[in-house]
Protein chains: 2
Amino acid sequence: MKKKETVKQEIIEAARQLFSRYGFRKTTMEDIARVTHKGKSSLYYYFRNKEEVFRAVIIHEASILRKALKDATTGISDPAEKLEKYMKVRMHTMKELINYYDAVEHEYDSHYSFVDRLRDQFDQDEAQAIRSILDEGVEQDKFQALDTELAANTLVIAMKGLEYPLVWKGSAQNLDKRIQKIVKILFYGLLKR
Amino acid sequence: MKKKETVKQEIIEAARQLFSRYGFRKTTMEDIARVTHKGKSSLYYYFRNKEEVFRAVIIHEASILRKALKDATTGISDPAEKLEKYMKVRMHTMKELINYYDAVEHEYDSHYSFVDRLRDQFDQDEAQAIRSILDEGVEQDKFQALDTELAANTLVIAMKGLEYPLVWKGSAQNLDKRIQKIVKILFYGLLKR
DNA sequence: GTATTTTCGACTTTATTGTTAAAATATTCT
DNA sequence: AGAATATTTTAACAATAAAGTCGAAAATAC
(Lines give C-alpha, C1' and ligand atoms only; values in the text may rest on other atoms or scores of the structure.)
Protein backbone atom coordinates (compact mmCIF):
# COMPACT_ATOMS: atom_id res chain seq x y z
CA MET A 1 0.00 0.00 0.00
CA LYS A 2 2.99 2.26 0.23
CA LYS A 3 3.62 1.43 -3.39
CA LYS A 4 2.39 4.82 -4.42
CA GLU A 5 5.44 6.57 -3.10
CA THR A 6 7.72 4.09 -4.82
CA VAL A 7 6.04 4.59 -8.17
CA LYS A 8 6.14 8.31 -7.66
CA GLN A 9 9.86 8.05 -7.17
CA GLU A 10 10.19 6.00 -10.34
CA ILE A 11 8.29 8.60 -12.26
CA ILE A 12 10.43 11.35 -10.82
CA GLU A 13 13.57 9.50 -11.80
CA ALA A 14 12.37 8.97 -15.34
CA ALA A 15 11.25 12.56 -15.62
CA ARG A 16 14.55 13.74 -14.22
CA GLN A 17 16.48 12.09 -17.01
CA LEU A 18 14.15 13.36 -19.67
CA PHE A 19 13.93 16.92 -18.39
CA SER A 20 17.65 17.16 -18.05
CA ARG A 21 18.12 15.97 -21.58
CA TYR A 22 15.31 17.70 -23.40
CA GLY A 23 14.16 20.46 -21.09
CA PHE A 24 10.66 21.07 -19.84
CA ARG A 25 9.09 21.90 -23.12
CA LYS A 26 10.36 19.09 -25.28
CA THR A 27 9.66 16.47 -22.67
CA THR A 28 6.14 15.16 -23.03
CA MET A 29 4.01 13.22 -20.64
CA GLU A 30 4.07 10.44 -23.15
CA ASP A 31 7.85 10.36 -23.02
CA ILE A 32 7.69 9.97 -19.27
CA ALA A 33 4.96 7.36 -19.58
CA ARG A 34 6.96 5.38 -22.11
CA VAL A 35 10.02 5.24 -19.90
CA THR A 36 8.02 4.21 -16.87
CA HIS A 37 6.09 1.62 -18.87
CA LYS A 38 2.80 3.18 -18.08
CA GLY A 39 -0.07 4.75 -19.91
CA LYS A 40 0.11 8.48 -20.24
CA SER A 41 -3.03 8.94 -18.17
CA SER A 42 -1.72 6.80 -15.34
CA LEU A 43 0.70 9.54 -14.51
CA TYR A 44 -2.19 11.73 -13.53
CA TYR A 45 -2.97 9.35 -10.77
CA TYR A 46 0.32 10.30 -9.18
CA PHE A 47 0.69 13.91 -10.22
CA ARG A 48 -1.87 16.58 -10.89
CA ASN A 49 -0.18 17.70 -14.08
CA LYS A 50 3.10 18.09 -15.91
CA GLU A 51 4.18 21.02 -13.82
CA GLU A 52 3.72 19.00 -10.66
CA VAL A 53 6.07 16.39 -12.02
CA PHE A 54 8.53 19.12 -12.80
CA ARG A 55 8.28 20.54 -9.32
CA ALA A 56 8.89 17.16 -7.81
CA VAL A 57 11.97 16.72 -9.96
CA ILE A 58 13.36 20.11 -9.06
CA ILE A 59 12.74 19.60 -5.38
CA HIS A 60 14.40 16.22 -5.60
CA GLU A 61 17.41 17.72 -7.33
CA ALA A 62 17.65 20.46 -4.73
CA SER A 63 17.77 17.87 -1.99
CA ILE A 64 20.52 16.05 -3.84
CA LEU A 65 22.48 19.26 -4.01
CA ARG A 66 22.01 19.91 -0.31
CA LYS A 67 23.15 16.41 0.52
CA ALA A 68 26.19 16.66 -1.73
CA LEU A 69 27.20 19.87 -0.02
CA LYS A 70 26.73 18.44 3.42
CA ASP A 71 28.61 15.24 2.64
CA ALA A 72 31.47 17.13 1.07
CA THR A 73 32.00 19.62 3.85
CA THR A 74 31.39 17.67 7.05
CA GLY A 75 34.70 16.46 8.38
CA ILE A 76 36.65 19.42 7.12
CA SER A 77 37.64 21.48 10.10
CA ASP A 78 39.59 24.28 8.47
CA PRO A 79 37.02 26.91 7.48
CA ALA A 80 39.00 28.17 4.50
CA GLU A 81 39.32 24.71 3.12
CA LYS A 82 35.71 24.04 3.85
CA LEU A 83 34.62 27.17 2.03
CA GLU A 84 36.60 26.29 -1.05
CA LYS A 85 35.26 22.78 -1.06
CA TYR A 86 31.75 24.05 -0.63
CA MET A 87 32.03 26.32 -3.62
CA LYS A 88 33.61 23.69 -5.81
CA VAL A 89 31.03 21.06 -5.06
CA ARG A 90 28.26 23.55 -5.40
CA MET A 91 29.37 24.69 -8.81
CA HIS A 92 30.02 21.22 -10.10
CA THR A 93 26.71 19.88 -8.93
CA MET A 94 24.99 22.93 -10.27
CA LYS A 95 26.53 22.24 -13.62
CA GLU A 96 24.51 19.06 -13.72
CA LEU A 97 21.33 20.72 -12.62
CA ILE A 98 21.58 23.72 -14.80
CA ASN A 99 19.77 22.17 -17.71
CA TYR A 100 16.51 22.43 -15.87
CA TYR A 101 16.92 26.04 -15.02
CA ASP A 102 18.07 26.74 -18.51
CA ALA A 103 15.16 24.85 -19.93
CA VAL A 104 12.72 26.84 -17.91
CA GLU A 105 14.31 30.24 -17.78
CA HIS A 106 13.17 30.99 -21.26
CA GLU A 107 9.57 30.09 -20.78
CA TYR A 108 7.94 33.22 -19.66
CA ASP A 109 4.86 31.88 -17.99
CA SER A 110 3.88 30.50 -14.63
CA HIS A 111 6.87 28.21 -14.28
CA TYR A 112 9.25 31.01 -13.77
CA SER A 113 7.73 32.26 -10.58
CA PHE A 114 7.79 28.78 -9.13
CA VAL A 115 11.38 28.07 -9.97
CA ASP A 116 12.18 31.57 -8.91
CA ARG A 117 10.58 31.13 -5.52
CA LEU A 118 12.35 27.85 -5.01
CA ARG A 119 15.52 29.49 -6.07
CA ASP A 120 15.14 32.32 -3.60
CA GLN A 121 14.55 29.82 -0.86
CA PHE A 122 17.71 28.00 -1.84
CA ASP A 123 19.70 31.21 -1.94
CA GLN A 124 18.66 32.01 1.58
CA ASP A 125 19.63 28.56 2.82
CA GLU A 126 22.88 28.91 1.04
CA ALA A 127 23.70 32.28 2.53
CA GLN A 128 22.99 30.78 5.92
CA ALA A 129 25.29 27.81 5.30
CA ILE A 130 28.10 30.01 4.08
CA ARG A 131 27.65 32.39 6.93
CA SER A 132 28.13 29.62 9.44
CA ILE A 133 31.38 28.65 7.74
CA LEU A 134 32.53 32.25 7.93
CA ASP A 135 31.51 32.45 11.56
CA GLU A 136 33.58 29.40 12.26
CA GLY A 137 36.53 31.06 10.61
CA VAL A 138 36.14 34.17 12.70
CA GLU A 139 35.69 32.06 15.80
CA GLN A 140 38.89 30.18 15.09
CA ASP A 141 40.58 33.49 14.54
CA LYS A 142 41.46 32.59 10.96
CA PHE A 143 39.22 35.09 9.26
CA GLN A 144 39.12 38.74 9.99
CA ALA A 145 36.21 39.80 12.09
CA LEU A 146 33.63 41.14 9.67
CA ASP A 147 29.99 41.37 8.89
CA THR A 148 29.54 37.68 8.07
CA GLU A 149 25.97 38.15 6.90
CA LEU A 150 27.01 40.67 4.30
CA ALA A 151 30.01 38.58 3.28
CA ALA A 152 27.86 35.49 2.90
CA ASN A 153 25.45 37.32 0.64
CA THR A 154 28.34 38.57 -1.41
CA LEU A 155 29.56 35.04 -1.88
CA VAL A 156 26.15 33.81 -2.94
CA ILE A 157 25.97 36.55 -5.52
CA ALA A 158 29.46 35.71 -6.73
CA MET A 159 28.49 32.09 -7.23
CA LYS A 160 25.32 33.04 -9.03
CA GLY A 161 27.43 35.18 -11.27
CA LEU A 162 29.54 32.17 -12.09
CA GLU A 163 26.53 30.21 -13.15
CA TYR A 164 25.67 32.12 -16.21
CA PRO A 165 28.86 31.40 -18.16
CA LEU A 166 28.44 27.87 -16.90
CA VAL A 167 25.51 27.44 -19.20
CA TRP A 168 27.55 28.28 -22.23
CA LYS A 169 31.03 27.01 -21.64
CA GLY A 170 31.09 23.70 -19.87
CA SER A 171 34.80 23.35 -19.32
CA ALA A 172 35.23 21.82 -15.89
CA GLN A 173 38.88 22.72 -15.71
CA ASN A 174 38.13 26.30 -16.48
CA LEU A 175 35.51 26.29 -13.81
CA ASP A 176 37.88 25.07 -11.13
CA LYS A 177 40.40 27.69 -12.06
CA ARG A 178 37.84 30.41 -11.85
CA ILE A 179 36.59 29.17 -8.51
CA GLN A 180 40.12 29.04 -7.17
CA LYS A 181 40.70 32.53 -8.38
CA ILE A 182 37.65 33.88 -6.67
CA VAL A 183 38.39 31.96 -3.52
CA LYS A 184 41.94 33.24 -3.55
CA ILE A 185 40.80 36.80 -3.99
CA LEU A 186 38.36 36.38 -1.17
CA PHE A 187 40.99 34.84 1.04
CA TYR A 188 43.61 37.47 0.58
CA GLY A 189 41.00 39.92 1.70
CA LEU A 190 39.72 37.58 4.34
CA LEU A 191 42.62 35.75 5.92
CA LYS A 192 44.76 37.13 8.65
CA ARG A 193 48.36 37.59 7.65
CA MET B 1 24.53 34.67 -56.44
CA LYS B 2 26.02 31.48 -55.16
CA LYS B 3 24.88 32.51 -51.73
CA LYS B 4 22.15 29.94 -51.85
CA GLU B 5 24.49 27.01 -51.43
CA THR B 6 26.27 28.70 -48.56
CA VAL B 7 23.08 29.34 -46.69
CA LYS B 8 21.97 25.81 -47.38
CA GLN B 9 25.14 24.58 -45.74
CA GLU B 10 24.53 26.81 -42.75
CA ILE B 11 21.07 25.40 -42.36
CA ILE B 12 22.37 21.88 -42.65
CA GLU B 13 24.95 22.55 -40.00
CA ALA B 14 22.42 24.02 -37.62
CA ALA B 15 20.02 21.17 -38.28
CA ARG B 16 22.80 18.67 -37.79
CA GLN B 17 23.45 19.90 -34.28
CA LEU B 18 19.80 19.96 -33.39
CA PHE B 19 18.96 16.58 -34.87
CA SER B 20 21.89 14.96 -33.18
CA ARG B 21 20.85 16.40 -29.87
CA TYR B 22 17.10 16.06 -29.99
CA GLY B 23 16.40 13.61 -32.78
CA PHE B 24 14.17 14.15 -35.77
CA ARG B 25 10.94 14.41 -33.95
CA LYS B 26 11.81 16.83 -31.21
CA THR B 27 13.63 19.18 -33.56
CA THR B 28 11.26 21.71 -35.01
CA MET B 29 11.65 23.92 -38.02
CA GLU B 30 11.44 26.83 -35.67
CA ASP B 31 14.38 25.49 -33.70
CA ILE B 32 16.38 25.38 -36.87
CA ALA B 33 15.19 28.82 -37.87
CA ARG B 34 16.13 30.25 -34.50
CA VAL B 35 19.66 28.89 -34.67
CA THR B 36 20.17 30.18 -38.20
CA HIS B 37 18.69 33.57 -37.30
CA LYS B 38 16.04 33.27 -39.93
CA GLY B 39 12.31 33.21 -40.12
CA LYS B 40 10.81 29.76 -40.22
CA SER B 41 9.35 30.40 -43.63
CA SER B 42 12.73 31.25 -45.05
CA LEU B 43 13.80 27.67 -44.58
CA TYR B 44 11.20 26.59 -47.08
CA TYR B 45 12.96 28.65 -49.68
CA TYR B 46 15.93 26.31 -49.36
CA PHE B 47 14.25 23.02 -48.57
CA ARG B 48 10.91 21.62 -49.59
CA ASN B 49 10.14 20.38 -46.10
CA LYS B 50 11.55 19.09 -42.87
CA GLU B 51 12.32 15.71 -44.30
CA GLU B 52 14.40 17.29 -47.03
CA VAL B 53 16.47 19.02 -44.40
CA PHE B 54 16.88 15.72 -42.67
CA ARG B 55 17.97 14.00 -45.84
CA ALA B 56 20.54 16.66 -46.50
CA VAL B 57 21.91 16.24 -43.01
CA ILE B 58 22.14 12.48 -43.28
CA ILE B 59 23.81 12.66 -46.64
CA HIS B 60 26.23 15.19 -45.28
CA GLU B 61 27.02 12.97 -42.33
CA ALA B 62 27.53 9.98 -44.55
CA SER B 63 30.08 11.89 -46.55
CA ILE B 64 31.84 12.88 -43.35
CA LEU B 65 32.02 9.25 -42.34
CA ARG B 66 33.42 8.23 -45.70
CA LYS B 67 36.03 10.94 -45.51
CA ALA B 68 37.00 10.01 -41.96
CA LEU B 69 37.48 6.41 -43.03
CA LYS B 70 39.52 7.36 -46.02
CA ASP B 71 41.72 9.78 -44.13
CA ALA B 72 42.31 7.30 -41.35
CA THR B 73 43.29 4.39 -43.52
CA THR B 74 45.28 5.87 -46.37
CA GLY B 75 48.93 5.69 -45.53
CA ILE B 76 48.63 2.46 -43.60
CA SER B 77 50.20 -0.26 -45.64
CA ASP B 78 49.76 -3.27 -43.38
CA PRO B 79 46.31 -4.66 -44.17
CA ALA B 80 45.70 -6.03 -40.68
CA GLU B 81 46.50 -2.71 -39.12
CA LYS B 82 44.41 -0.99 -41.71
CA LEU B 83 41.46 -3.21 -41.03
CA GLU B 84 41.61 -2.60 -37.32
CA LYS B 85 41.92 1.12 -37.83
CA TYR B 86 39.03 1.08 -40.24
CA MET B 87 36.79 -0.65 -37.76
CA LYS B 88 37.76 1.59 -34.91
CA VAL B 89 37.21 4.79 -36.79
CA ARG B 90 34.00 3.49 -38.22
CA MET B 91 32.58 2.59 -34.85
CA HIS B 92 33.68 5.79 -33.20
CA THR B 93 32.31 7.97 -35.93
CA MET B 94 29.15 5.94 -35.99
CA LYS B 95 28.77 6.58 -32.32
CA GLU B 96 28.38 10.24 -33.15
CA LEU B 97 25.97 9.60 -35.94
CA ILE B 98 23.87 7.06 -34.20
CA ASN B 99 21.49 9.55 -32.69
CA TYR B 100 19.98 10.19 -36.06
CA TYR B 101 19.41 6.59 -36.83
CA ASP B 102 18.14 6.00 -33.37
CA ALA B 103 15.86 8.97 -33.60
CA VAL B 104 14.39 7.73 -36.84
CA GLU B 105 14.47 4.01 -36.43
CA HIS B 106 11.44 4.11 -34.20
CA GLU B 107 9.31 6.18 -36.45
CA TYR B 108 7.58 3.72 -38.62
CA ASP B 109 6.62 5.90 -41.52
CA SER B 110 8.17 7.12 -44.72
CA HIS B 111 11.49 8.08 -43.16
CA TYR B 112 12.43 4.56 -42.55
CA SER B 113 12.53 3.52 -46.15
CA PHE B 114 14.69 6.49 -47.02
CA VAL B 115 17.18 5.98 -44.26
CA ASP B 116 17.04 2.30 -44.96
CA ARG B 117 17.86 2.75 -48.62
CA LEU B 118 20.70 5.05 -47.78
CA ARG B 119 21.87 2.59 -45.23
CA ASP B 120 21.85 -0.28 -47.68
CA GLN B 121 23.86 1.80 -50.09
CA PHE B 122 26.36 2.52 -47.38
CA ASP B 123 26.57 -1.13 -46.39
CA GLN B 124 27.43 -2.07 -49.94
CA ASP B 125 30.11 0.58 -50.17
CA GLU B 126 31.46 -0.61 -46.90
CA ALA B 127 31.59 -4.23 -47.90
CA GLN B 128 33.48 -3.14 -50.99
CA ALA B 129 35.98 -1.09 -48.99
CA ILE B 130 36.61 -3.91 -46.56
CA ARG B 131 36.93 -6.41 -49.32
CA SER B 132 39.68 -4.44 -50.93
CA ILE B 133 41.55 -4.38 -47.65
CA LEU B 134 41.19 -8.12 -47.40
CA ASP B 135 42.30 -8.54 -50.98
CA GLU B 136 45.39 -6.54 -50.19
CA GLY B 137 46.07 -8.84 -47.28
CA VAL B 138 45.79 -11.91 -49.42
CA GLU B 139 47.91 -10.31 -52.10
CA GLN B 140 50.62 -9.55 -49.58
CA ASP B 141 50.35 -13.12 -48.38
CA LYS B 142 49.40 -12.00 -44.89
CA PHE B 143 45.85 -13.26 -44.89
CA GLN B 144 44.83 -16.74 -45.80
CA ALA B 145 43.38 -17.07 -49.24
CA LEU B 146 39.62 -17.01 -48.81
CA ASP B 147 36.37 -15.82 -50.24
CA THR B 148 36.97 -12.14 -49.56
CA GLU B 149 33.48 -11.14 -50.64
CA LEU B 150 31.91 -13.41 -48.09
CA ALA B 151 34.38 -12.37 -45.41
CA ALA B 152 33.73 -8.71 -46.10
CA ASN B 153 30.00 -9.20 -45.72
CA THR B 154 30.59 -11.04 -42.48
CA LEU B 155 32.58 -8.13 -41.17
CA VAL B 156 29.91 -5.65 -42.13
CA ILE B 157 27.36 -7.70 -40.28
CA ALA B 158 29.63 -7.94 -37.27
CA MET B 159 29.99 -4.19 -37.17
CA LYS B 160 26.28 -3.67 -37.52
CA GLY B 161 25.86 -6.05 -34.63
CA LEU B 162 28.15 -3.89 -32.56
CA GLU B 163 26.05 -0.87 -33.25
CA TYR B 164 23.03 -1.89 -31.33
CA PRO B 165 24.61 -2.01 -27.89
CA LEU B 166 26.32 1.20 -28.91
CA VAL B 167 23.03 2.95 -28.61
CA TRP B 168 22.61 1.96 -25.01
CA LYS B 169 26.04 1.86 -23.49
CA GLY B 170 28.21 4.67 -24.68
CA SER B 171 31.46 3.69 -23.04
CA ALA B 172 34.19 4.40 -25.53
CA GLN B 173 36.69 2.29 -23.67
CA ASN B 174 34.39 -0.65 -23.68
CA LEU B 175 33.88 -0.18 -27.37
CA ASP B 176 37.55 -0.26 -28.15
CA LYS B 177 37.98 -3.40 -26.14
CA ARG B 178 35.18 -5.09 -27.94
CA ILE B 179 36.50 -4.06 -31.29
CA GLN B 180 39.93 -5.36 -30.42
CA LYS B 181 38.42 -8.60 -29.30
CA ILE B 182 36.53 -9.07 -32.51
CA VAL B 183 39.50 -8.06 -34.58
CA LYS B 184 41.68 -10.44 -32.65
CA ILE B 185 39.28 -13.28 -33.16
CA LEU B 186 39.09 -12.52 -36.81
CA PHE B 187 42.84 -12.33 -37.10
CA TYR B 188 43.59 -15.59 -35.44
CA GLY B 189 41.36 -17.18 -37.98
CA LEU B 190 42.65 -14.96 -40.71
CA LEU B 191 46.38 -14.53 -40.26
CA LYS B 192 48.96 -16.98 -41.41
CA ARG B 193 50.92 -18.56 -38.63
C1' DG C 1 15.24 52.09 -62.51
C1' DT C 2 13.69 47.15 -63.12
C1' DA C 3 14.37 42.26 -62.34
C1' DT C 4 15.65 38.78 -59.37
C1' DT C 5 16.61 36.72 -55.15
C1' DT C 6 15.74 36.32 -50.38
C1' DT C 7 13.24 37.11 -46.11
C1' DC C 8 9.35 37.29 -43.35
C1' DG C 9 4.74 37.75 -41.15
C1' DA C 10 0.15 36.22 -41.28
C1' DC C 11 -2.45 32.29 -42.21
C1' DT C 12 -4.30 27.51 -42.77
C1' DT C 13 -3.97 22.82 -41.88
C1' DT C 14 -2.49 19.06 -39.47
C1' DA C 15 -0.57 16.59 -35.57
C1' DT C 16 0.57 16.34 -30.87
C1' DT C 17 -0.22 17.07 -26.07
C1' DG C 18 -2.23 17.75 -21.70
C1' DT C 19 -5.99 16.75 -19.23
C1' DT C 20 -10.35 14.58 -17.70
C1' DA C 21 -13.87 11.26 -16.69
C1' DA C 22 -15.35 6.84 -16.74
C1' DA C 23 -14.76 2.02 -17.35
C1' DA C 24 -11.79 -1.97 -16.59
C1' DT C 25 -8.62 -4.43 -13.94
C1' DA C 26 -5.98 -5.67 -10.09
C1' DT C 27 -5.19 -5.77 -5.13
C1' DT C 28 -6.33 -5.86 -0.34
C1' DC C 29 -9.48 -6.65 3.42
C1' DT C 30 -13.23 -9.03 5.93
C1' DA D 1 -15.91 -15.63 -1.52
C1' DG D 2 -17.18 -10.81 -2.47
C1' DA D 3 -17.03 -5.83 -0.98
C1' DA D 4 -13.94 -2.07 -0.81
C1' DT D 5 -9.95 0.19 -2.49
C1' DA D 6 -6.24 1.09 -5.34
C1' DT D 7 -4.33 1.32 -9.91
C1' DT D 8 -4.35 1.23 -14.93
C1' DT D 9 -6.45 1.75 -19.24
C1' DT D 10 -9.48 3.66 -22.76
C1' DA D 11 -11.38 7.09 -25.19
C1' DA D 12 -12.49 11.51 -25.80
C1' DC D 13 -11.55 16.38 -26.48
C1' DA D 14 -9.85 21.18 -26.09
C1' DA D 15 -5.70 23.56 -26.29
C1' DT D 16 -1.47 24.03 -28.12
C1' DA D 17 2.20 23.59 -31.13
C1' DA D 18 4.01 22.26 -35.42
C1' DA D 19 4.36 21.94 -40.47
C1' DG D 20 3.67 24.03 -44.43
C1' DT D 21 1.62 27.96 -47.80
C1' DC D 22 1.41 32.42 -49.89
C1' DG D 23 1.92 37.01 -51.06
C1' DA D 24 4.18 40.85 -50.38
C1' DA D 25 8.04 43.52 -48.49
C1' DA D 26 13.31 44.03 -48.40
C1' DA D 27 17.47 43.38 -50.19
C1' DT D 28 20.47 42.62 -53.93
C1' DA D 29 21.82 42.19 -58.67
C1' DC D 30 21.52 43.92 -63.18
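Lettering follows sequence order; numbering is per chain, from 1. Basis for what follows: all heavy atoms, side chains included, without hydrogens, waters or symmetry-related copies.
- Between dT9(D) and S42(A), a contact under 4.0 Å exists linking OP1 or OP2 to a side-chain N or O.
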- Task: Mark up nucleotides 10-15 of chain C, 5' to 3', with B wherever a protein heavy atom is under 4.0 angstrom from a base atom, S wherever such an atom reaches only the sugar-phosphate, and - elsewhere.
- Result: B-----
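- Separating the OH atom in Y22(B) from the OH atom in Y22(A) is a distance of 9.5 Å, to the nearest 0.5 Å.
- Taking atom CD on E5(A) and atom P on dT7(D), their separation rounds to 11 Å, with Å as the unit.
- Here the NZ atom belonging to K82(B) is positioned 12.5 Å from the CD1 atom belonging to I130(B), to the nearest 0.5 angstrom.
- Rounded to an integer number of Å, the gap from NZ of K38(A) to C1' of dT10(D) is 16 Å.
- Donor-acceptor pairing under 3.5 Å is recorded for the side chains of E126(B) and Y86(B).
- Across all strands, T36(A) comes closer than 4.0 Å to no nucleic acid atom at all (heavy-atom distances).
- Separating the CG atom in L69(B) from the CD1 atom in I64(B) is a distance of 12.0 Å, to the nearest 0.5 Å.
- Cation-pi geometry between K50(A) and Y44(A) is not met: the NZ or CZ atom fails to fall both under 6.0 Å from the ring centre and inside 45° of the normal.
- Here the P atom of nucleotide dT16(D) and the CD atom of E30(B) are 16 Å apart, to the nearest Å.
- Atom CG of residue D123(A) and atom CD of residue Q128(A) lie 13.0 Å apart, to the nearest 0.5 angstrom.
- The two atoms that bring E136(B) and S77(B) nearest to each other are OE2-O, 3.9 Å, heavy atoms only.
- Following rounding to the nearest Å, E52(B) (CD) and dG20(D) (P) show an atom-to-atom distance of 10 Å.
- At whole-Å resolution of the value, CE in M29(A) and C1' in dT9(D) are 15 Å apart.
- The interatomic distance linking F47(B) (CZ) with dG20(D) (P) rounds to 13 Å, in whole Å.
- Here dT7(D) presents its C1' atom at 18 Å from NE2 of H37(A), a figure rounded to the nearest Å.
- Contact annotation: Y46(B) does not reach the phosphate of dT6(C) (side-chain N/O to OP1 or OP2, under 4.0 Å).
- Distances shorter than 4.0 Å separate some side-chain N or O of Y45(B) from OP1 or OP2 on dT6(C).
- The interatomic distance linking K50(B) (NZ) with dA17(D) (P) rounds to 16 Å, in whole Å.
- One finds a side-chain N or O of Y44(A) lying less than 4.0 angstrom from the OP1 or OP2 phosphate oxygen of dT19(C).
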